[in-house]
Number of protein chains: 2
Amino acid sequence: MQLSQQLFTKYSTGCPKVAAFCYIAAQLHDYLGYMTLLIRAEKKQQTRQALLDAALTLMADGQGFSAVSLREVTRQVGIVPAAFYRHFPDMDALGLALVEQVSSTFREAIRLVRRNELEQYGAIHASVRIFAEYVVAYRQHFLFLAREQYGGSAAVRQAINAMQRDFITDLEADLALSPRLSHLGPEDYEVLASLVVKTVFTTLPELINPHESHQPDSRSPAHQLEDKLRFILIGAKHWRGIKARTDGD
Amino acid sequence: MQLSQQLFTKYSTGCPKVAAFCYIAAQLHDYLGYMTLLIRAEKKQQTRQALLDAALTLMADGQGFSAVSLREVTRQVGIVPAAFYRHFPDMDALGLALVEQVSSTFREAIRLVRRNELEQYGAIHASVRIFAEYVVAYRQHFLFLAREQYGGSAAVRQAINAMQRDFITDLEADLALSPRLSHLGPEDYEVLASLVVKTVFTTLPELINPHESHQPDSRSPAHQLEDKLRFILIGAKHWRGIKARTDGD
DNA sequence: TTGAGAAGTGAACAAGTGTTTACCAAGATG
DNA sequence: CATCTTGGTAAACACTTGTTCACTTCTCAA
(Lines give C-alpha, C1' and ligand atoms only; values in the text may rest on other atoms or scores of the structure.)
Protein backbone atom coordinates (compact mmCIF):
# COMPACT_ATOMS: atom_id res chain seq x y z
CA MET A 1 0.00 0.00 0.00
CA GLN A 2 1.01 3.61 -0.41
CA LEU A 3 0.95 4.48 3.25
CA SER A 4 3.16 1.60 4.28
CA GLN A 5 5.70 2.52 1.63
CA GLN A 6 5.64 6.11 2.78
CA LEU A 7 6.32 5.02 6.31
CA PHE A 8 9.01 2.70 5.09
CA THR A 9 10.84 5.33 3.07
CA LYS A 10 10.23 8.04 5.62
CA TYR A 11 12.05 6.37 8.47
CA SER A 12 14.56 4.23 6.59
CA THR A 13 17.78 6.08 7.28
CA GLY A 14 20.22 3.52 5.97
CA CYS A 15 20.49 1.53 9.15
CA PRO A 16 19.33 -1.98 8.27
CA LYS A 17 17.83 -2.61 11.71
CA VAL A 18 15.73 0.53 11.52
CA ALA A 19 14.77 -0.38 7.97
CA ALA A 20 13.67 -3.83 9.06
CA PHE A 21 11.71 -2.38 11.95
CA CYS A 22 10.06 0.14 9.70
CA TYR A 23 9.14 -2.55 7.25
CA ILE A 24 7.45 -4.56 9.96
CA ALA A 25 5.77 -1.47 11.34
CA ALA A 26 4.50 -0.64 7.88
CA GLN A 27 3.19 -4.15 7.40
CA LEU A 28 1.44 -3.88 10.75
CA HIS A 29 0.03 -0.56 9.74
CA ASP A 30 -1.48 -2.14 6.67
CA TYR A 31 -3.57 -4.52 8.75
CA LEU A 32 -4.72 -2.21 11.49
CA GLY A 33 -8.27 -1.75 10.26
CA TYR A 34 -9.85 0.52 7.78
CA MET A 35 -9.55 3.72 9.77
CA THR A 36 -5.82 3.81 9.29
CA LEU A 37 -5.18 2.13 6.02
CA LEU A 38 -7.42 3.71 3.46
CA ILE A 39 -6.53 6.46 1.08
CA ARG A 40 -8.68 9.51 1.28
CA ALA A 41 -11.17 8.89 -1.48
CA GLU A 42 -11.84 5.38 -0.31
CA LYS A 43 -12.19 6.45 3.26
CA LYS A 44 -14.61 9.20 2.37
CA GLN A 45 -16.80 6.90 0.39
CA GLN A 46 -16.69 4.41 3.21
CA THR A 47 -17.93 7.02 5.67
CA ARG A 48 -20.60 8.04 3.22
CA GLN A 49 -21.73 4.45 2.93
CA ALA A 50 -21.67 4.15 6.72
CA LEU A 51 -24.02 7.14 6.91
CA LEU A 52 -26.40 5.52 4.46
CA ASP A 53 -26.32 2.20 6.30
CA ALA A 54 -26.78 3.94 9.64
CA ALA A 55 -29.92 5.62 8.38
CA LEU A 56 -31.32 2.28 7.22
CA THR A 57 -30.42 0.63 10.50
CA LEU A 58 -32.10 3.34 12.53
CA MET A 59 -35.22 2.96 10.40
CA ALA A 60 -35.32 -0.75 11.02
CA ASP A 61 -36.48 -0.08 14.56
CA GLY A 62 -39.81 1.02 13.22
CA GLN A 63 -39.51 4.75 12.71
CA GLY A 64 -39.83 6.44 9.35
CA PHE A 65 -36.98 8.10 7.52
CA SER A 66 -38.12 11.61 8.32
CA ALA A 67 -38.06 10.72 12.01
CA VAL A 68 -34.38 9.83 11.81
CA SER A 69 -32.31 12.82 12.84
CA LEU A 70 -29.03 13.95 11.39
CA ARG A 71 -27.41 13.63 14.80
CA GLU A 72 -28.64 10.09 15.31
CA VAL A 73 -27.07 9.08 12.04
CA THR A 74 -23.71 10.63 12.80
CA ARG A 75 -23.80 9.21 16.33
CA GLN A 76 -24.36 5.74 14.94
CA VAL A 77 -21.46 6.14 12.54
CA GLY A 78 -19.23 7.59 15.22
CA ILE A 79 -18.50 11.00 13.76
CA VAL A 80 -19.39 14.46 14.94
CA PRO A 81 -22.62 16.03 13.56
CA ALA A 82 -20.75 18.72 11.66
CA ALA A 83 -18.91 16.07 9.67
CA PHE A 84 -22.20 15.06 8.10
CA TYR A 85 -22.05 18.11 5.86
CA ARG A 86 -18.84 16.84 4.25
CA HIS A 87 -21.00 14.15 2.59
CA PHE A 88 -24.52 15.49 2.22
CA PRO A 89 -25.92 19.02 2.35
CA ASP A 90 -29.09 17.73 3.90
CA MET A 91 -30.89 14.71 5.29
CA ASP A 92 -33.08 14.89 2.20
CA ALA A 93 -29.98 14.45 0.05
CA LEU A 94 -29.08 11.37 2.04
CA GLY A 95 -32.60 10.10 1.48
CA LEU A 96 -32.29 10.56 -2.26
CA ALA A 97 -28.94 8.75 -2.28
CA LEU A 98 -30.67 5.98 -0.37
CA VAL A 99 -33.40 5.77 -2.98
CA GLU A 100 -30.83 5.49 -5.72
CA GLN A 101 -28.97 2.75 -3.91
CA VAL A 102 -32.09 0.84 -2.97
CA SER A 103 -33.53 1.12 -6.44
CA SER A 104 -30.43 -0.50 -7.87
CA THR A 105 -30.83 -3.50 -5.58
CA PHE A 106 -34.45 -3.67 -6.73
CA ARG A 107 -33.25 -3.65 -10.32
CA GLU A 108 -30.91 -6.49 -9.51
CA ALA A 109 -33.82 -8.46 -8.08
CA ILE A 110 -35.78 -7.91 -11.27
CA ARG A 111 -32.79 -8.97 -13.31
CA LEU A 112 -32.62 -12.23 -11.39
CA VAL A 113 -36.30 -12.87 -11.87
CA ARG A 114 -36.07 -12.11 -15.58
CA ARG A 115 -33.14 -14.46 -16.09
CA ASN A 116 -35.23 -17.20 -14.55
CA GLU A 117 -38.16 -16.33 -16.77
CA LEU A 118 -36.01 -16.81 -19.83
CA GLU A 119 -34.96 -20.26 -18.70
CA GLN A 120 -38.45 -21.52 -17.96
CA TYR A 121 -40.96 -19.08 -19.24
CA GLY A 122 -44.10 -18.36 -17.30
CA ALA A 123 -43.21 -19.89 -14.01
CA ILE A 124 -44.77 -17.42 -11.59
CA HIS A 125 -43.96 -19.72 -8.74
CA ALA A 126 -40.23 -19.67 -9.34
CA SER A 127 -40.20 -15.94 -10.02
CA VAL A 128 -41.92 -15.10 -6.79
CA ARG A 129 -39.74 -17.48 -4.83
CA ILE A 130 -36.57 -15.89 -6.20
CA PHE A 131 -37.90 -12.43 -5.57
CA ALA A 132 -39.01 -13.24 -2.04
CA GLU A 133 -35.60 -14.65 -1.20
CA TYR A 134 -33.94 -11.53 -2.50
CA VAL A 135 -36.27 -9.35 -0.45
CA VAL A 136 -35.38 -11.22 2.71
CA ALA A 137 -31.68 -10.98 1.91
CA TYR A 138 -31.94 -7.20 1.48
CA ARG A 139 -34.54 -6.64 4.17
CA GLN A 140 -33.48 -3.11 5.06
CA HIS A 141 -33.49 -1.90 1.49
CA PHE A 142 -36.96 -3.15 0.74
CA LEU A 143 -38.22 -1.99 4.09
CA PHE A 144 -37.08 1.48 3.17
CA LEU A 145 -38.85 1.20 -0.14
CA ALA A 146 -42.08 -0.06 1.36
CA ARG A 147 -42.16 2.47 4.16
CA GLU A 148 -41.12 5.58 2.30
CA GLN A 149 -43.14 5.17 -0.89
CA TYR A 150 -45.85 7.20 0.85
CA GLY A 151 -43.61 8.45 3.64
CA GLY A 152 -42.94 11.80 5.19
CA SER A 153 -40.17 13.28 3.05
CA ALA A 154 -41.63 14.72 -0.12
CA ALA A 155 -38.34 14.48 -2.01
CA VAL A 156 -37.87 10.81 -1.15
CA ARG A 157 -41.47 10.03 -1.94
CA GLN A 158 -41.23 11.59 -5.37
CA ALA A 159 -37.98 9.80 -6.12
CA ILE A 160 -39.47 6.44 -5.23
CA ASN A 161 -42.54 7.19 -7.30
CA ALA A 162 -40.36 8.06 -10.26
CA MET A 163 -38.49 4.80 -9.82
CA GLN A 164 -41.75 2.91 -9.63
CA ARG A 165 -42.91 4.52 -12.84
CA ASP A 166 -39.69 3.41 -14.52
CA PHE A 167 -40.38 -0.14 -13.48
CA ILE A 168 -43.91 0.14 -14.76
CA THR A 169 -42.70 1.45 -18.10
CA ASP A 170 -40.20 -1.39 -18.39
CA LEU A 171 -42.77 -4.02 -17.55
CA GLU A 172 -45.18 -2.38 -19.96
CA ALA A 173 -42.71 -2.84 -22.79
CA ASP A 174 -42.15 -6.40 -21.67
CA LEU A 175 -45.83 -7.24 -21.63
CA ALA A 176 -46.30 -5.75 -25.05
CA LEU A 177 -43.88 -8.33 -26.42
CA SER A 178 -45.81 -11.28 -25.04
CA PRO A 179 -47.80 -13.09 -27.72
CA ARG A 180 -50.30 -14.19 -25.07
CA LEU A 181 -51.27 -10.59 -24.45
CA SER A 182 -51.35 -9.33 -28.03
CA HIS A 183 -55.08 -8.70 -27.77
CA LEU A 184 -54.54 -5.83 -25.31
CA GLY A 185 -54.51 -2.20 -26.30
CA PRO A 186 -51.53 0.06 -25.56
CA GLU A 187 -53.31 1.68 -22.60
CA ASP A 188 -54.22 -1.72 -21.24
CA TYR A 189 -50.55 -2.59 -21.02
CA GLU A 190 -49.90 0.42 -18.89
CA VAL A 191 -52.70 -0.32 -16.46
CA LEU A 192 -51.73 -3.95 -16.28
CA ALA A 193 -48.08 -3.18 -15.63
CA SER A 194 -49.06 -0.67 -12.97
CA LEU A 195 -51.28 -3.22 -11.31
CA VAL A 196 -48.53 -5.83 -11.23
CA VAL A 197 -45.86 -3.48 -9.90
CA LYS A 198 -48.10 -2.00 -7.25
CA THR A 199 -49.21 -5.42 -6.16
CA VAL A 200 -45.60 -6.40 -5.68
CA PHE A 201 -44.88 -3.20 -3.80
CA THR A 202 -47.77 -3.60 -1.40
CA THR A 203 -46.72 -7.15 -0.68
CA LEU A 204 -43.23 -6.06 0.38
CA PRO A 205 -44.07 -5.55 4.07
CA GLU A 206 -45.54 -9.03 4.31
CA LEU A 207 -42.57 -10.56 2.56
CA ILE A 208 -40.23 -8.74 4.93
CA ASN A 209 -42.06 -9.49 8.15
CA PRO A 210 -43.77 -12.80 7.52
CA HIS A 211 -44.53 -13.23 11.21
CA GLU A 212 -46.09 -9.82 11.76
CA SER A 213 -48.95 -9.81 9.34
CA HIS A 214 -49.37 -13.47 8.50
CA GLN A 215 -52.29 -15.33 10.00
CA PRO A 216 -51.66 -19.01 10.64
CA ASP A 217 -54.72 -20.28 8.79
CA SER A 218 -53.94 -18.60 5.48
CA ARG A 219 -51.32 -19.04 2.83
CA SER A 220 -47.82 -17.70 3.12
CA PRO A 221 -47.20 -14.17 1.84
CA ALA A 222 -45.14 -15.48 -1.07
CA HIS A 223 -47.84 -17.96 -1.95
CA GLN A 224 -50.45 -15.22 -1.77
CA LEU A 225 -48.40 -13.03 -4.05
CA GLU A 226 -48.17 -15.87 -6.52
CA ASP A 227 -51.91 -16.28 -6.57
CA LYS A 228 -52.50 -12.57 -6.87
CA LEU A 229 -50.25 -12.32 -9.92
CA ARG A 230 -52.02 -15.34 -11.32
CA PHE A 231 -55.40 -13.69 -10.86
CA ILE A 232 -54.14 -10.64 -12.66
CA LEU A 233 -52.51 -12.45 -15.56
CA ILE A 234 -55.45 -14.77 -16.09
CA GLY A 235 -57.60 -11.69 -16.18
CA ALA A 236 -55.29 -10.16 -18.76
CA LYS A 237 -55.46 -13.30 -20.88
CA HIS A 238 -59.26 -13.18 -20.97
CA TRP A 239 -59.46 -9.43 -21.33
CA ARG A 240 -61.71 -8.40 -24.16
CA GLY A 241 -61.04 -4.73 -24.26
CA ILE A 242 -63.55 -2.03 -23.82
CA LYS A 243 -66.47 -4.39 -24.17
CA ALA A 244 -65.54 -6.17 -20.98
CA ARG A 245 -66.84 -3.11 -19.17
CA THR A 246 -70.41 -4.31 -19.54
CA ASP A 247 -69.60 -7.97 -19.48
CA GLY A 248 -70.99 -8.17 -16.01
CA ASP A 249 -68.21 -8.34 -13.46
CA MET B 1 -80.35 21.65 23.51
CA GLN B 2 -79.68 20.33 26.94
CA LEU B 3 -78.22 23.51 28.31
CA SER B 4 -81.11 25.66 27.23
CA GLN B 5 -83.58 23.28 28.85
CA GLN B 6 -81.53 23.30 32.00
CA LEU B 7 -81.57 27.07 32.08
CA PHE B 8 -85.25 27.06 31.30
CA THR B 9 -86.25 24.70 34.09
CA LYS B 10 -83.78 26.18 36.54
CA TYR B 11 -85.15 29.68 36.52
CA SER B 12 -88.79 28.99 35.75
CA THR B 13 -90.40 29.70 39.06
CA GLY B 14 -94.00 29.64 38.01
CA CYS B 15 -94.14 33.27 37.00
CA PRO B 16 -95.02 33.29 33.30
CA LYS B 17 -93.01 36.40 32.57
CA VAL B 18 -89.89 34.95 34.10
CA ALA B 19 -90.55 31.73 32.25
CA ALA B 20 -90.85 33.56 28.97
CA PHE B 21 -87.72 35.55 29.62
CA CYS B 22 -85.82 32.42 30.53
CA TYR B 23 -86.99 30.76 27.38
CA ILE B 24 -85.74 33.61 25.29
CA ALA B 25 -82.49 33.76 27.27
CA ALA B 26 -82.01 30.05 26.73
CA GLN B 27 -82.68 30.45 23.01
CA LEU B 28 -80.17 33.26 22.91
CA HIS B 29 -77.68 31.19 24.81
CA ASP B 30 -77.98 28.50 22.19
CA TYR B 31 -76.83 30.81 19.45
CA LEU B 32 -74.00 32.69 21.08
CA GLY B 33 -71.10 30.80 19.56
CA TYR B 34 -69.56 27.62 20.75
CA MET B 35 -67.12 29.07 23.28
CA THR B 36 -69.86 30.34 25.52
CA LEU B 37 -72.80 28.11 24.93
CA LEU B 38 -71.55 24.63 25.37
CA ILE B 39 -71.81 22.59 28.46
CA ARG B 40 -68.55 21.08 29.59
CA ALA B 41 -68.80 17.66 28.06
CA GLU B 42 -69.68 19.04 24.66
CA LYS B 43 -66.94 21.60 24.83
CA LYS B 44 -64.39 19.00 25.77
CA GLN B 45 -65.35 16.76 22.90
CA GLN B 46 -65.19 19.73 20.59
CA THR B 47 -61.63 20.51 21.65
CA ARG B 48 -60.76 16.86 21.26
CA GLN B 49 -62.13 16.90 17.74
CA ALA B 50 -60.20 20.09 17.06
CA LEU B 51 -57.01 18.30 18.10
CA LEU B 52 -57.75 15.44 15.73
CA ASP B 53 -58.53 17.81 12.87
CA ALA B 54 -55.44 19.86 13.58
CA ALA B 55 -53.27 16.77 13.30
CA LEU B 56 -54.83 15.92 9.94
CA THR B 57 -54.41 19.48 8.72
CA LEU B 58 -50.76 19.57 9.71
CA MET B 59 -50.21 16.31 7.86
CA ALA B 60 -51.77 17.67 4.71
CA ASP B 61 -48.67 19.80 4.16
CA GLY B 62 -46.77 16.64 3.31
CA GLN B 63 -45.23 15.49 6.56
CA GLY B 64 -46.04 12.18 8.15
CA PHE B 65 -47.99 11.78 11.34
CA SER B 66 -44.95 10.95 13.44
CA ALA B 67 -43.37 14.21 12.31
CA VAL B 68 -46.26 16.21 13.72
CA SER B 69 -45.38 17.42 17.19
CA LEU B 70 -47.67 17.69 20.16
CA ARG B 71 -46.93 21.38 20.42
CA GLU B 72 -47.76 22.01 16.78
CA VAL B 73 -51.15 20.42 17.27
CA THR B 74 -52.00 22.44 20.34
CA ARG B 75 -50.71 25.60 18.69
CA GLN B 76 -53.01 25.01 15.75
CA VAL B 77 -55.98 24.48 18.04
CA GLY B 78 -55.10 27.49 20.14
CA ILE B 79 -54.55 25.86 23.49
CA VAL B 80 -51.48 25.49 25.64
CA PRO B 81 -49.37 22.31 25.25
CA ALA B 82 -50.17 21.07 28.72
CA ALA B 83 -53.88 21.05 27.92
CA PHE B 84 -53.24 18.30 25.39
CA TYR B 85 -52.95 15.82 28.24
CA ARG B 86 -56.54 16.49 29.27
CA HIS B 87 -57.56 14.67 26.09
CA PHE B 88 -54.84 12.19 25.17
CA PRO B 89 -52.02 10.69 27.19
CA ASP B 90 -49.83 10.61 24.13
CA MET B 91 -49.53 11.50 20.47
CA ASP B 92 -49.83 7.81 19.75
CA ALA B 93 -53.21 7.80 21.45
CA LEU B 94 -54.31 10.66 19.22
CA GLY B 95 -53.09 8.64 16.25
CA LEU B 96 -55.16 5.66 17.26
CA ALA B 97 -58.23 7.85 17.73
CA LEU B 98 -57.55 9.18 14.26
CA VAL B 99 -57.44 5.68 12.82
CA GLU B 100 -60.76 4.87 14.43
CA GLN B 101 -62.36 8.00 13.07
CA VAL B 102 -60.91 7.62 9.60
CA SER B 103 -61.82 3.96 9.41
CA SER B 104 -65.44 4.85 10.07
CA THR B 105 -65.47 7.25 7.14
CA PHE B 106 -63.97 4.49 5.03
CA ARG B 107 -66.76 2.19 6.17
CA GLU B 108 -69.26 4.81 5.13
CA ALA B 109 -67.67 4.93 1.68
CA ILE B 110 -67.98 1.17 1.38
CA ARG B 111 -71.58 1.34 2.50
CA LEU B 112 -72.31 3.83 -0.26
CA VAL B 113 -70.63 1.65 -2.86
CA ARG B 114 -72.50 -1.41 -1.66
CA ARG B 115 -75.84 0.28 -1.82
CA ASN B 116 -75.12 1.15 -5.41
CA GLU B 117 -74.08 -2.40 -6.14
CA LEU B 118 -77.43 -3.66 -4.94
CA GLU B 119 -79.26 -1.33 -7.28
CA GLN B 120 -77.34 -2.23 -10.38
CA TYR B 121 -75.18 -5.21 -9.74
CA GLY B 122 -71.73 -5.46 -11.24
CA ALA B 123 -71.21 -1.89 -12.24
CA ILE B 124 -67.57 -1.39 -11.46
CA HIS B 125 -67.66 1.91 -13.20
CA ALA B 126 -70.32 3.37 -10.94
CA SER B 127 -68.74 1.90 -7.82
CA VAL B 128 -65.38 3.40 -8.53
CA ARG B 129 -66.88 6.72 -9.41
CA ILE B 130 -68.81 6.89 -6.15
CA PHE B 131 -65.79 5.81 -4.19
CA ALA B 132 -63.51 8.31 -5.90
CA GLU B 133 -65.90 11.15 -5.18
CA TYR B 134 -66.03 10.18 -1.56
CA VAL B 135 -62.26 10.06 -1.38
CA VAL B 136 -61.98 13.56 -2.77
CA ALA B 137 -64.63 14.80 -0.35
CA TYR B 138 -62.74 13.36 2.62
CA ARG B 139 -59.25 14.04 1.27
CA GLN B 140 -57.53 14.41 4.61
CA HIS B 141 -58.92 11.20 6.01
CA PHE B 142 -57.84 9.09 3.10
CA LEU B 143 -54.53 10.86 2.90
CA PHE B 144 -53.91 9.85 6.48
CA LEU B 145 -54.85 6.29 5.64
CA ALA B 146 -52.65 6.11 2.57
CA ARG B 147 -49.64 7.72 4.22
CA GLU B 148 -49.71 5.97 7.57
CA GLN B 149 -50.48 2.43 6.47
CA TYR B 150 -46.72 1.87 6.33
CA GLY B 151 -45.87 5.00 8.29
CA GLY B 152 -43.65 5.80 11.19
CA SER B 153 -45.77 5.16 14.24
CA ALA B 154 -45.90 1.44 14.97
CA ALA B 155 -49.17 1.69 16.89
CA VAL B 156 -50.93 3.56 14.09
CA ARG B 157 -49.55 1.20 11.48
CA GLN B 158 -50.82 -1.84 13.30
CA ALA B 159 -54.24 -0.28 13.83
CA ILE B 160 -54.58 0.51 10.14
CA ASN B 161 -53.46 -2.98 9.22
CA ALA B 162 -56.05 -4.46 11.56
CA MET B 163 -58.70 -2.29 9.95
CA GLN B 164 -57.55 -3.37 6.49
CA ARG B 165 -57.82 -7.00 7.53
CA ASP B 166 -61.37 -6.39 8.70
CA PHE B 167 -62.23 -5.00 5.30
CA ILE B 168 -60.63 -7.99 3.63
CA THR B 169 -62.61 -10.38 5.79
CA ASP B 170 -65.83 -8.57 4.98
CA LEU B 171 -65.14 -8.56 1.28
CA GLU B 172 -64.15 -12.22 1.46
CA ALA B 173 -67.55 -13.10 2.87
CA ASP B 174 -69.16 -10.98 0.18
CA LEU B 175 -67.28 -12.65 -2.63
CA ALA B 176 -68.17 -16.08 -1.28
CA LEU B 177 -71.84 -15.24 -1.82
CA SER B 178 -71.40 -14.37 -5.47
CA PRO B 179 -72.65 -17.12 -7.77
CA ARG B 180 -70.15 -16.02 -10.42
CA LEU B 181 -67.28 -16.98 -8.14
CA SER B 182 -68.61 -20.21 -6.73
CA HIS B 183 -65.81 -22.15 -8.39
CA LEU B 184 -63.22 -20.60 -6.06
CA GLY B 185 -61.89 -22.32 -2.98
CA PRO B 186 -62.12 -20.72 0.46
CA GLU B 187 -58.47 -19.70 0.40
CA ASP B 188 -58.90 -18.19 -3.03
CA TYR B 189 -61.54 -15.85 -1.67
CA GLU B 190 -59.12 -14.57 0.91
CA VAL B 191 -56.36 -13.89 -1.61
CA LEU B 192 -58.79 -12.29 -4.01
CA ALA B 193 -60.29 -10.05 -1.34
CA SER B 194 -56.81 -9.04 -0.21
CA LEU B 195 -55.83 -8.21 -3.76
CA VAL B 196 -58.87 -6.03 -4.30
CA VAL B 197 -58.56 -4.15 -1.01
CA LYS B 198 -54.84 -3.54 -1.40
CA THR B 199 -55.32 -2.39 -4.96
CA VAL B 200 -57.84 0.16 -3.73
CA PHE B 201 -55.51 1.25 -0.95
CA THR B 202 -52.54 1.77 -3.22
CA THR B 203 -54.67 3.81 -5.58
CA LEU B 204 -55.66 6.23 -2.82
CA PRO B 205 -52.76 8.65 -3.33
CA GLU B 206 -53.52 8.95 -7.02
CA LEU B 207 -57.20 9.50 -6.35
CA ILE B 208 -56.36 12.18 -3.80
CA ASN B 209 -53.75 14.02 -5.86
CA PRO B 210 -54.77 13.44 -9.45
CA HIS B 211 -52.40 16.12 -10.66
CA GLU B 212 -49.30 14.87 -8.87
CA SER B 213 -48.92 11.37 -10.22
CA HIS B 214 -51.06 11.44 -13.32
CA GLN B 215 -49.37 11.59 -16.68
CA PRO B 216 -51.33 13.37 -19.36
CA ASP B 217 -51.14 10.58 -21.90
CA SER B 218 -52.64 7.88 -19.73
CA ARG B 219 -56.06 7.24 -18.27
CA SER B 220 -57.37 9.01 -15.21
CA PRO B 221 -56.65 7.40 -11.84
CA ALA B 222 -60.27 6.44 -11.37
CA HIS B 223 -60.40 4.96 -14.83
CA GLN B 224 -57.22 3.03 -14.13
CA LEU B 225 -58.65 1.69 -10.89
CA GLU B 226 -61.70 0.53 -12.77
CA ASP B 227 -59.59 -1.37 -15.25
CA LYS B 228 -57.47 -2.89 -12.54
CA LEU B 229 -60.47 -4.22 -10.69
CA ARG B 230 -61.78 -5.52 -13.99
CA PHE B 231 -58.52 -7.36 -14.65
CA ILE B 232 -58.74 -8.93 -11.23
CA LEU B 233 -62.37 -9.95 -11.41
CA ILE B 234 -62.07 -11.34 -14.92
CA GLY B 235 -59.15 -13.35 -13.65
CA ALA B 236 -61.27 -14.60 -10.81
CA LYS B 237 -64.03 -15.60 -13.18
CA HIS B 238 -61.66 -17.70 -15.26
CA TRP B 239 -59.74 -19.04 -12.30
CA ARG B 240 -59.43 -22.79 -12.46
CA GLY B 241 -58.00 -23.45 -9.05
CA ILE B 242 -54.71 -25.08 -8.36
CA LYS B 243 -54.33 -26.27 -11.93
CA ALA B 244 -54.00 -22.73 -13.18
CA ARG B 245 -50.56 -22.71 -11.65
CA THR B 246 -49.11 -24.59 -14.61
CA ASP B 247 -51.52 -23.19 -17.14
CA GLY B 248 -48.79 -21.05 -18.54
CA ASP B 249 -49.10 -17.43 -17.52
C1' DT C 1 9.53 19.15 0.88
C1' DT C 2 6.20 22.25 1.15
C1' DG C 3 1.65 23.90 0.83
C1' DA C 4 -3.18 23.47 -0.54
C1' DG C 5 -7.27 21.11 0.48
C1' DA C 6 -10.40 18.31 2.76
C1' DA C 7 -12.30 14.92 6.48
C1' DG C 8 -13.19 15.21 10.95
C1' DT C 9 -13.25 17.82 15.72
C1' DG C 10 -15.32 20.40 19.52
C1' DA C 11 -17.80 23.99 21.20
C1' DA C 12 -21.34 27.03 20.83
C1' DC C 13 -25.96 28.86 18.95
C1' DA C 14 -30.92 29.50 18.88
C1' DA C 15 -34.89 26.77 18.35
C1' DG C 16 -37.99 23.46 19.25
C1' DT C 17 -39.46 19.32 21.82
C1' DG C 18 -42.26 16.43 25.69
C1' DT C 19 -43.55 16.73 30.40
C1' DT C 20 -44.33 18.52 35.04
C1' DT C 21 -45.92 21.60 38.43
C1' DA C 22 -48.87 25.01 40.70
C1' DC C 23 -52.59 27.75 39.63
C1' DC C 24 -57.08 29.78 37.94
C1' DA C 25 -61.80 30.38 36.37
C1' DA C 26 -65.88 28.36 35.61
C1' DG C 27 -69.18 24.48 35.07
C1' DA C 28 -71.25 20.75 37.74
C1' DT C 29 -73.20 19.12 41.98
C1' DG C 30 -74.91 18.71 46.58
C1' DC D 1 -75.27 28.82 48.70
C1' DA D 2 -70.73 26.50 49.06
C1' DT D 3 -67.83 22.77 47.23
C1' DC D 4 -65.70 19.84 44.29
C1' DT D 5 -64.21 18.91 39.46
C1' DT D 6 -62.06 19.93 35.43
C1' DG D 7 -60.47 22.19 31.01
C1' DG D 8 -57.17 25.41 30.28
C1' DT D 9 -53.04 28.54 31.74
C1' DA D 10 -48.24 30.02 32.61
C1' DA D 11 -43.77 29.01 33.55
C1' DA D 12 -40.20 26.22 34.04
C1' DC D 13 -37.52 21.62 33.32
C1' DA D 14 -34.09 19.00 30.88
C1' DC D 15 -33.36 17.53 26.30
C1' DT D 16 -32.61 17.07 21.44
C1' DT D 17 -32.30 19.11 17.14
C1' DG D 18 -29.88 21.54 12.80
C1' DT D 19 -26.26 24.65 11.69
C1' DT D 20 -22.10 27.63 12.27
C1' DC D 21 -17.34 28.40 12.99
C1' DA D 22 -12.56 28.15 13.91
C1' DC D 23 -9.53 24.32 14.66
C1' DT D 24 -6.53 20.21 13.91
C1' DT D 25 -4.83 16.46 11.23
C1' DC D 26 -3.41 14.26 7.52
C1' DT D 27 -3.88 13.27 2.18
C1' DC D 28 -2.08 14.27 -1.95
C1' DA D 29 0.09 16.64 -5.55
C1' DA D 30 3.32 20.21 -7.28
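Note on naming: letters A, B, ... go to the chains in the order of the sequence lines (proteins, then strands), and numbering restarts at 1 for each one.
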Calculate the interatomic distance between [X] atom [atom1] and [N] atom [atom2]; express it in whole Å.
| X | N | atom1 | atom2 | value |
| --- | --- | --- | --- | --- |
| I39(A) | dC28(D) | CD1 | P | 5 Å |
| L94(A) | dG18(D) | CG | P | 12 Å |
| E42(B) | dG7(D) | CD | C1' | 15 Å |
| F84(B) | dT9(D) | CZ | P | 15 Å |
| K44(A) | dC26(D) | NZ | P | 19 Å |
| Q63(B) | dG16(C) | CD | P | 14 Å |
| R71(A) | dT9(C) | CZ | P | 13 Å |
| Q46(B) | dG8(D) | CD | P | 11 Å |

* To do: Using the six-membered ring wherever Trp is involved, compare the ring planes of Y138(B) and Y134(B) and label them parallel, tilted or perpendicular (cut-offs 30° and 60°).
  => parallel
* Structure fact -> Between F144(A) and V156(A) the two heavy atoms that sit nearest each other are CZ-CG1, 4.0 Å
* At their closest point, which heavy atom of A159(A) faces which heavy atom of L96(A), and how far apart are they? -> CB-CD2, 3.7 Å
* Asked: Want to settle it: does V80(A) or L70(B) sit nearer the 5' end of DNA chain C, counting the closest nucleotide to each?
  -> V80(A)
* So what does Y85(B) hit on the nucleic acid, given a heavy-atom distance under 4.0 Å: a base, only sugar-phosphate, or nothing? -> base
* Asked: Taking for each residue the nucleotide of DNA chain D with the nearest heavy atom, is it G78(B) or E72(A) whose nucleotide lies nearer the 5' end?
  -> G78(B)
* Side chain to side chain, Q224(A) and P221(A), heavy atoms closer than 4.5 Å -> no
* Asked: Would you say a side-chain N or O of T47(B) is under 4.0 Å from OP1 or OP2 of dG8(D)?
  -> yes
* Asked: OP1 or OP2 of dT17(D) sitting under 4.0 Å from any side-chain N/O of R75(A)?
  -> yes
* From dG10(C), dG18(C), dT17(D), nucleotide with atom closest to S69(A) side chain -> dT17(D)
* Name the closest nucleotide to the R40(B) side chain, picking from dT19(D), dT9(C), dT6(D). => dT6(D)
* Asked: What about R86(B): does its side chain form a donor-acceptor pair under 3.5 Å with the base of dG8(D)?
  -> yes
* Ring center gap for F131(B) and F106(B) short of 6.0 angstrom -> yes
